[in-house]
Amino acid sequence: SKEIQNEFGIVISGPIIKNKLFLFGNYGQYRNQNGSIPTAFTIPTSAMLGLGTTASECGGVAGCADFSGYAKANPGYDVYDPESQSPLCTGGPPNTATTATCKRTQFTNDIIPFNRLSTAAKNIAAFYAPYEAFATPGQYSNNLSWGTPTGNANWYSTGRIDYNQSARNQIAAIVAFGRQSTTGATETSGLGVPFNPAQSFHPVSNIAILKDVFTITPHVLNQFSLGYGRYESLSATPNQNPLYATTTMGLTGTPIGQASMNFPELTYTGGQDAPATQGGYSANVKYNNTYTVMDNVQWTYGKHNFTFGGQFVDTQFSIYAALYGGTSPIIEGFNANSTEAAVTNSKTLNTSTGSAIASFMLGAVGSESIKDPIVPGYKSIWLNPSFW
């Protein structure tokens, strides 16, 4: 893949007031871009997602989810209507359902009518549309070769002012700033937003130092300094966007916080030709503040040098994240169980039928995980006095 790297900067320095005030400053940028690495992906076909299906294909109403090609490519994997089965079949004991009421009806020609499709599934399916033009027609597994460009952009700046207040006293102020940010996606071999499951990061650093050097006598020198440093790192996901939010997609009842702000993580299991996990990731923010006070005395006595001093450091660390770590705030799992057929003369399911994507299009969630909203994870304070 193609790689582009650019680095540039500028430095300005010199006296402002002769022998009194001096200035130094610099600014630089570093940019890196990496081309995509095409990787084989399995994505649902346009017909399975109900994209572009016509009324003639759907029995009079356009927009049906057509799994006839899927079933033909995978003999026996027809899709069945979960609502055609008696609720008694899935209930706990006492289970009085008969074998007949446990059977499921196959969707006619393996086509799910438009009025049975989940609103959220139809909204999510629309984000697959740009990839469908590049997918191999008539192929249901590893049917897309795709990669996403990645990169990062950094900038940094440093400034210093030195002031000679007198022949015995010099003052210096130093500031430094830096920022790093990912650009594009964060996985070279992945689909784009909102299906890319990786994070983006945006750390920012700030440093400020004030120093005073005072000559007490020709043999005694005092150095005093104050320092402050801050590091802030936001690990987020491009999926945390109102355009991709679960509430926008049509998933109702999600709690306030990341679970309703993010694109959900989608997992597919069972059947044939199930895609890999798509979307997800929980954002977190880390803060680190460090305060430093130091005083140092240097004494020259004949051929001997003595140094006395002390330093006090106060370090504070905080993290704000969803509970249970960096897992996705909301995970919707779809398996083929919901669209599998009942085995003849049995209440069990035939695992050689059904489709996880068909279950997805019906909104038949097999498993769901919702994490707590974003909350303060923890805060620690480290106080460190030292003397010499």
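Worth saying up front: this structure is predicted, and the values here are computed from it rather than measured.
Ion pair Glu83/Arg116 flagged as a salt bridge, since at least one NZ, NE, NH1 or NH2 atom sits closer than 4.0 Å to an Asp/Glu carboxylate oxygen.
Ring geometry, Phe263 versus Tyr244: the interplanar angle exceeds 60°, so the pair is classed perpendicular (tilted spans 30 to 60°). Ring geometry, Tyr228 versus Tyr291: the interplanar angle falls from 30° to 60°, so the pair is classed tilted.
Every side chain to side chain donor-acceptor pair (under 3.5 Å) that Tyr27 has, sequence neighbours left out, goes to Gln29.
Taking CG from Leu191 and CD1 from Ile43, the interatomic distance works out to 7.5 Å, rounded to the nearest 0.5 Å.
Panel note: side chain Ser157, backbone Asn26; a donor-acceptor pair is recorded below 3.5 Å. Judged by distance alone, the side chain of Ser205 and the main-chain N or O of Phe177 form no donor-acceptor pair under 3.5 Å. Here the side chain of Thr53 pairs a donor or acceptor atom with the backbone of Gly63 at under 3.5 angstrom. With Gln33 contributing its side chain and Gly151 its backbone, the two residues share no donor-acceptor pair below 3.5 Å. In this structure a side-chain-to-backbone donor-acceptor pair under 3.5 Å is missing from Thr136 to Gln139. For Asn350 (side chain) and Ser352 (main-chain N/O), a donor-acceptor pair under 3.5 Å exists by modelled atom type. The main-chain N or O of Arg230 is never found under 3.5 Å from a side-chain atom of Asn288 such that the two would form a donor-acceptor pair. Although no hydrogens or angles enter the test, the distance criterion places a donor-acceptor pair under 3.5 Å between the side chain of Lys20 and the main chain of Asn164. Between the Thr353 side chain and the Ala341 main chain, a donor and an acceptor come within less than 3.5 Å of each other. Remark: side-chain polar atoms of Arg104 are not paired, donor with acceptor, to backbone N or O of Leu349 under 3.5 angstrom.
Phe308 and Trp388 have their aromatic ring centers separated by at least 6.0 angstrom.
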In a table with atom names and distances, give each donor-acceptor pair under 3.5 Å that connects a side chain of residues 212-220 to protein atoms at least two apart or in another chain.
from, atom 1, to, atom 2, distance (Å)
Asp212, OD1, Asn169, ND2, 3.3
Thr217, OG1, His219, N, 3.1
Thr217, OG1, Val220, N, 3.1

Which donor-acceptor pairs under 3.5 Å do side chains of residues 122-130 form with protein atoms, sequence neighbours excluded?
from, atom 1, to, atom 2, distance (Å)
Asn123, ND2, Thr119, O, 3.3
Asn123, ND2, Met249, O, 2.8

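Within the 4.5 Å cutoff, the side chain of Gln170 has no heavy atoms near those of the Tyr163 side chain. You'll find the side chain of Tyr231 reaches within 4.5 Å of the side chain of Pro203, heavy atoms only.
Partner Asp273 forms a side-chain hydrogen bond (donor to acceptor under 3.5 Å, both in side chains) with one of Asn74, Thr42, Thr45, Asn142 and no other, that one being Asn74.
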